[in-house]
Amino acid sequence: MLMTKYSLELWLPDQDLRLWSVAPYRSMLNSQINTQWGGRRVGEIEMPEYISWMNQLNAKVERQELACTYVDDFLMVFGMLMIDVVQRYKLRTGTPMPPAPRRGRYVKKARKTKRPLAMGPAYQLAVNAYTVSPAGRTSGTPPSRGCGPARRTGC
């Protein structure tokens, strides 16, 4: 199976991507990966060829023809393609690169719910921490741990 057919017709539709993520992936596949590997069979890509391609890309980054983050992104996509060739579709026995962690749909982290805070104790702590003498100087005990000098003077 040719890389172009595999990447655009088989691999990309099977990915669990959000709607706005499909277009950048398709763009990376068309602009870089399929221009280099599109006419090759998926099982023919070998480690030395991948390393020479990666070195060419790094040379383009050094000459400032491509951005480093852009190269990292489509190397990540190429890695995902090769890992899926081996693990999901079984079209080859090994990948031409070391395995990388899998990216997928963004999942927002759950936030802890805050406990309700009563105003009475909070107000009493503020009064105890900041007492002004008749002369206008700050007196009393400084706030407890974690408070720097700016907090002690009321700034």
Side-chain angles (χ1 to χ4, degrees), residues 1-123 125-126 129 142-155:
M1 176 180 287
L2 292 178
M3 183 63 134
T4 304
K5 184 176 180 183
Y6 164 69
S7 63
L8 293 175
E9 296 176 17
L10 181 66
W11 182 79
L12 190 60
D14 285 348
Q15 300 307 301
D16 186 24
L17 298 173
R18 290 181 182 225
L19 180 63
W20 293 103
S21 297
V22 174
Y25 274 69
R26 183 174 285 119
S27 172
M28 283 187 271
L29 288 170
N30 287 330
S31 67
Q32 296 294 329
I33 295 171
N34 285 337
T35 56
Q36 176 70 26
W37 306 105
R40 305 278 305 272
R41 294 194 177 276
V42 174
E44 293 177 351
I45 301 169
E46 297 298 327
M47 176 78 79
E49 296 168 334
Y50 169 75
I51 291 173
S52 68
W53 179 56
M54 192 172 65
N55 290 338
Q56 291 171 4
L57 294 174
N58 289 332
K60 287 182 179 182
V61 168
E62 289 175 7
R63 292 190 306 260
Q64 296 182 348
E65 294 174 11
L66 292 174
C68 181
T69 54
Y70 180 62
V71 170
D72 290 342
D73 285 347
F74 65 78
L75 287 177
M76 179 220 28
V77 171
F78 185 77
M80 289 177 10
L81 279 164
M82 290 295 113
I83 289 170
D84 282 348
V85 162
V86 174
Q87 294 176 355
R88 186 184 291 181
Y89 303 110
K90 312 261 190 265
L91 297 176
R92 63 183 291 157
T93 56
T95 160
M97 70 210 29
R102 186 64 193 243
R103 282 186 59 174
R105 182 179 293 215
Y106 174 75
V107 178
K108 191 173 184 177
K109 293 181 182 178
R111 295 179 67 184
K112 293 182 181 178
T113 57
K114 296 182 179 180
R115 293 182 294 154
L117 179 64
M119 282 294 118
Y123 176 75
L125 284 171
S144 62
R145 314 176 250 158
C147 297
R151 297 262 316 252
R152 288 188 198 119
T153 58
C155 294

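As the structure is a prediction and not an experimental result, all values here were calculated from the model.
A 4.5 Å side-chain heavy-atom check between Asn55 and Ile51 finds at least one atom pair inside the cut-off. Contact of the Trp11 side chain with the Tyr25 side chain is registered, since non-hydrogen atoms from C-beta on lie closer than 4.5 Å. Residues Leu81 and Val42 form no side-chain contact, since every pair of their non-hydrogen atoms from C-beta on lies 4.5 Å or further apart. Contact check for Ser7 versus Asn34: side-chain heavy atoms found under the 4.5 Å cut-off. Residues Met80 and Met76 form a side-chain contact, since some pair of their non-hydrogen atoms from C-beta on lies under 4.5 Å apart. Counting heavy atoms from C-beta outward, Leu2 and Arg41 have side chains that approach closer than 4.5 Å.
Taking CD1 from Ile83 and CZ from Arg88, the interatomic distance works out to 11.0 Å, rounded to the nearest 0.5 Å. One finds the CG atom of Asp72 at 10.0 Å from the CG atom of Leu57 (value rounded to the nearest 0.5 Å).
Using modelled atom types, no side-chain atom of Tyr50 and backbone atom of Thr95 make a donor-acceptor pair closer than 3.5 Å. Not a single donor-acceptor pair under 3.5 Å links the side chain of Ser27 to the backbone N or O of Ala23. With hydrogens and angles ignored, the 3.5 Å screen pairs a side-chain donor or acceptor of Arg92 with a backbone N or O of Ile45.
Of all heavy-atom pairs spanning Met47 and Pro96, the tightest one is SD-O, 2.8 Å. A pairwise comparison of heavy atoms in Leu117 and Ala122 identifies CD2-CB, 4.4 Å as the closest pair. The minimum heavy-atom distance between Arg40 and Glu44, with the atom names listed, is NH2-O, 3.2 Å. The shortest heavy-atom contact between Ser21 and Pro24 is O-CD, 3.3 Å.
Leu75 pairs with exactly one of Val77, Asp73, Val71 by the side chain to side chain contact (heavy atoms under 4.5 Å, CB included) rule, that one being Val71.
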Q: Quick one: do Trp37 and Glu49 satisfy side chain to side chain contact (heavy atoms under 4.5 Å, CB included)? Show the steps, please.
A: CA-CA 10 Å; Trp37 306 105; Glu49 296 168 334; 3.8 Å; yes

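The environment of CD in Gln64 is sparse: at most 12 heavy-atom neighbours from other residues, nucleotides or ligands sit within 6.0 Å.
Taking the six-membered ring for Trp and the full ring otherwise, Phe74 and Tyr70 have centroids separated by under 6.0 Å.
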